[in-house]
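Structure first, commentary second.
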There are 2 protein chains.
Amino acid sequence: MNKTGGREIVKISDVAKMAGLSPATVSRVLNNHPYVSEDKKKRVAEAVKKLNYFPNSSAQKLRGQKVDTIAVCMPLLTNPFFAYLLEGIDQAATDAGLQLLVCQTRYEKKKELYYLNLLKSKQVDGIILASIENQWEDIEEYTKHGPVILCNEHCRAANVSQVYLDQVYGGYLGTRYLIESGYNRIAYCRGEYASGLSLERERGYRLAIEEYGLSSREEWVFRNSTDFQSGKQVARNIANMKDKPNAVFTGSDQVAAGIIVEAKRLGFRVPEDLGVIGFDDQPVAEVTVPSLTTIRQPVQEIGKTAMELLIKEFNDELEQPKLVTLPLQLIERASAKQPTN
Amino acid sequence: MNKTGGREIVKISDVAKMAGLSPATVSRVLNNHPYVSEDKKKRVAEAVKKLNYFPNSSAQKLRGQKVDTIAVCMPLLTNPFFAYLLEGIDQAATDAGLQLLVCQTRYEKKKELYYLNLLKSKQVDGIILASIENQWEDIEEYTKHGPVILCNEHCRAANVSQVYLDQVYGGYLGTRYLIESGYNRIAYCRGEYASGLSLERERGYRLAIEEYGLSSREEWVFRNSTDFQSGKQVARNIANMKDKPNAVFTGSDQVAAGIIVEAKRLGFRVPEDLGVIGFDDQPVAEVTVPSLTTIRQPVQEIGKTAMELLIKEFNDELEQPKLVTLPLQLIERASAKQPTN
DNA sequence: TTGTACGCGTTATCAA
DNA sequence: TTGATAACGCGTACAA
């Protein structure tokens, strides 16, 4: 027995002493090992209860060489997309008895590297990256210290398991829909700062533009639009343009909602003067007026699949990294129909 | 040196050997102790780099008797209120170099107790409870094993630090506003299942009802309405009533948004036929049409303050538990004006 | 200023 | 079926 900060610390040897047994036997009882007599089991159980004993997790981790904890890196949890992604990850993690560490990179390279170091110090057994801030070459070395899974983001250079969507197609799909609805001057809002995901979506956007013989303008491509507020800013910027787009394809429903709210306030009619498409199909897509045409991602499934892949890596069930592609789907609502011109 | 699963494990003694020093000296260099010659510092730094050494976190934790990790318990992170709360907590935690463990109770008593046990096994140094599922008497014993902070929820019986809002007043404020706007048949949506918070808000609701000589009906009090979908259900229920309320006071903006969307679909005019008030003032409150009158809570500040209080407890800076009350504020928008009758 | 020796609490191995 | 022993990797009291 022992004291620290006024709190008593009961250890396995205390239990052993009280039960008149060795620590080894107590440990065996606690861990349900075979070959322990019922008698001793009972004596241990009693002592454990009497002393209010709990095994020290740090000691177990040191001894066991694993910590049953996963780091989940994402930019910001207040972005509902990532909240739902985490929810998917958490479901699978909880089922497997794994803890999750919150790792918000806040779009900072430094923070991402800091969290990757958790792997080196063995604070976590593995990492799920739901976003990538650094170049892959700077991340790669960390993969030597434990499994890293990419989810949501996709990186060709990375030789690790990945769960992702065809973002090029997503960008193409949304843009094409706008064009076929009759819009011809189409703006694009990039979700995150220079992420591969945004770039891919943008490629799809340009693909559609070109396929239909339209053209884009530099000022129609908005960078760093990630939330509701920045969406409002986009609408204000559009209002101030001489050469206005008549539709916007957006990287998130939040941004789209911000655009719709502010555009209406500024006198635009949606969808007549400005068509809007979102991404994700989150609850807010039903709330906007007009309701939001959007591209549904199976968010929770992405997270769940990523976690399951990670668990397989723990169990050496994967010969080599696995790439999983999940489908996306256009959800047609009112925000992108019938342009005026 | 050593191998596990094919990965080499470098330990402090390896560094010591390479630098021609004792592990103790290496440890001192690593932890910036005074009285180490520049010469050895350099030699250690070199060896560390050459061997790619990283201290093992579990060993440090075992030795140091603390883990620099906090458990944050909340029902569900996909509820934006809790996402923002966590954001506040995370800001303060990151500043203090503390890690956060995701603990979603999913409204289950069992899960909450499971997470509280992290304190006993010393997997976390402290716990922030952003919701309470169990009776306080069942939680109390855990407080012997480390600091527990209540935030958002308030519990009179609990002798621990708490950060909260005057929910009775919140309930009163919203209800009174509806009444003074001319509504006289007011329904109420309880946020969480039987939480103290919901009950307090309900008391405020009843206070206002009585003060103005109105009356409520049992069927006008909706239980377990926590998200957008359940809000839609509430609207459907109202539509099916013979004796319909003409206003609803709601425990969250999500629920309110669901009510507005579905009520409109069912032919109600908002606010003329049905006034709606939300809670939190989240982005979605600006998105609904009509925009949502709501009661603003300083969400992030609640979280931040809770974390700061926890840190003070770690440093023994608190003589006794501290109760912090934060203000709430009614934000007037369009969803609760001008009833027809 | 540096090194030796020990303890943090647990569990696996080996011998009985 | 049980117990003694060692090792997980680190930090620090104590001695030098």
Side-chain angles (χ1 to χ4, degrees), chain A residues 1-5 7-44 47-48 51-68 118 120-123 125 145, chain B residues 1-5 7-44 47-48 51-68 118 120-123 125 145:
Chain A
M1 211 94 85
N2 202 337
K3 292 212 174 205
T4 304
R7 287 187 243 276
E8 348 165 349
I9 290 172
V10 183
K11 37 196 189 186
I12 203 169
S13 57
D14 297 318
V15 177
K17 214 166 288 171
M18 168 168 283
L21 297 168
S22 75
T25 304
V26 176
S27 173
R28 280 190 277 257
V29 173
L30 262 28
N31 295 290
N32 288 319
H33 282 207
Y35 310 123
V36 264
S37 66
E38 287 305 316
D39 168 47
K40 324 260 155 165
K41 277 190 194 174
K42 227 161 259 170
R43 274 156 64 188
V44 169
V48 163
L51 290 171
N52 199 12
Y53 165 77
F54 261 76
N56 179 300
S57 167
S58 295
Q60 290 181 315
K61 287 172 175 173
L62 174 58
R63 177 64 234 229
Q65 305 281 51
K66 61 175 187 142
V67 294
D68 290 329
L118 297 178
K120 291 193 176 178
S121 59
K122 307 216 170 301
Q123 221 167 137
D125 295 324
H145 298 91
Chain B
M1 211 95 84
N2 203 337
K3 292 214 175 202
T4 305
R7 288 187 243 278
E8 350 166 346
I9 289 172
V10 183
K11 38 197 190 188
I12 202 169
S13 57
D14 298 317
V15 178
K17 213 165 288 172
M18 168 166 284
L21 297 168
S22 76
T25 303
V26 176
S27 172
R28 280 190 277 258
V29 172
L30 262 29
N31 295 289
N32 287 319
H33 281 208
Y35 310 122
V36 264
S37 67
E38 288 304 318
D39 168 48
K40 324 260 155 162
K41 277 190 192 173
K42 227 161 260 171
R43 274 156 65 188
V44 169
V48 163
L51 290 171
N52 199 11
Y53 165 76
F54 261 75
N56 179 300
S57 167
S58 296
Q60 289 182 315
K61 288 173 176 175
L62 175 58
R63 174 66 233 231
Q65 304 282 48
K66 61 175 185 139
V67 292
D68 290 330
L118 297 179
K120 291 194 175 177
S121 60
K122 307 217 169 302
Q123 221 166 136
D125 295 324
H145 297 92

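Each chain gets a letter, A, B and so on, in the order its sequence line appears, and its residues count up from 1.
- Counting heavy atoms from C-beta on, the side chains of A:K61 and B:Q123 come closer than 4.5 Å.
- Here the closest non-hydrogen pair linking A:V10 and A:Y53 is O-CD1, 3.5 Å.
- Between B:T25 and A:N56, the residue whose closest nucleotide on DNA chain C is further toward the 5' end is B:T25.
- OP1 or OP2 of C:dT11 has at least one side-chain nitrogen or oxygen of A:Q60 nearer than 4.0 Å.
- Spacing between atom CD1 of B:I9 and atom C1' of D:dA7 amounts to 12 Å, rounded to whole angstrom units.
- Here the nucleotide nearest the side chain of B:A59, chosen from C:dT2, D:dG9, C:dT11, is D:dG9.
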I'd like a list of close polar pairs between nucleotides 12-16 of chain C and the protein, N/O only, cut-off under 3.5 Å.
unit_1: C:dA12; atom_1: O4'; unit_2: A:R63; atom_2: NH2; d: 3.0

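- A straight line from NZ of B:K61 to P of D:dG11 spans 13 Å, rounded to a whole angstrom.
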Under 3.5 Å, which donor-acceptor pairs do the side chains of residues 23-32 of chain B form with other protein atoms, sequence neighbours left out?
unit_1: B:T25; atom_1: OG1; unit_2: B:S22; atom_2: OG; d: 3.2
unit_1: B:S27; atom_1: OG; unit_2: B:N31; atom_2: ND2; d: 3.3
unit_1: B:N31; atom_1: ND2; unit_2: B:S27; atom_2: O; d: 2.8

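- For A:S22, the listed nucleotide lying nearest its side chain is D:dG3; candidates were D:dG3, C:dT11, D:dC10.
- Atom OG of A:S57 and atom CG of A:L62 lie 11.0 Å apart (nearest 0.5 Å).
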**Asked** Yes or no on side-chain contact (heavy atoms from CB on, under 4.5 Å) for B:K11 and B:D14, after CA distance, side-chain angles and deciding distance?
**Response** CA-CA 5 Å; B:K11 38 197 190 188; B:D14 298 317; 3.3 Å; yes
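- Near DNA chain D, meaning a heavy atom under 4.0 Å away, there are no residues from residues 35-43 of chain B.
- Of the residues listed (A:K42, A:K41, A:R43), the one engaging A:D39 in a salt bridge (Lys or Arg N to Asp or Glu O under 4.0 Å) is A:R43, and it is the only one.
- Look at NZ on B:K120: it is 18 Å from C1' on C:dG9, rounded to the nearest Å.
- In this structure, B:K120 and A:F54 approach most closely via the heavy-atom pair CD-CE1, 3.3 Å.
- Rounded to whole Å, the distance from CG on B:L62 to C1' on C:dT11 is 13 Å.
- Atoms CD (B:Q65) and P (D:dT12) sit 12 Å apart, rounded to a whole Å.
- One can place NZ of B:K11 at 16 Å from C1' of D:dG11, the figure rounded to the nearest angstrom.
- Separating the CG atom of A:L30 from the C1' atom of C:dG9 is a distance of 12 Å, rounded to the nearest angstrom.
- Summarising the geometry of A:N56 relative to B:K122, their closest heavy-atom pair is ND2-CD, 4.0 Å, with the distance given to 0.1 Å.
- For A:Y53, taking side-chain heavy atoms from C-beta onward, the closest of the listed nucleotides D:dG3, C:dT10, D:dC10 is C:dT10.
- Between A:Q60 and A:D68 there is no side-chain heavy-atom pair separated by less than 4.5 Å.
- Here the P atom of nucleotide D:dC10 and the CG atom of B:N32 are 17 Å apart, to the nearest Å.
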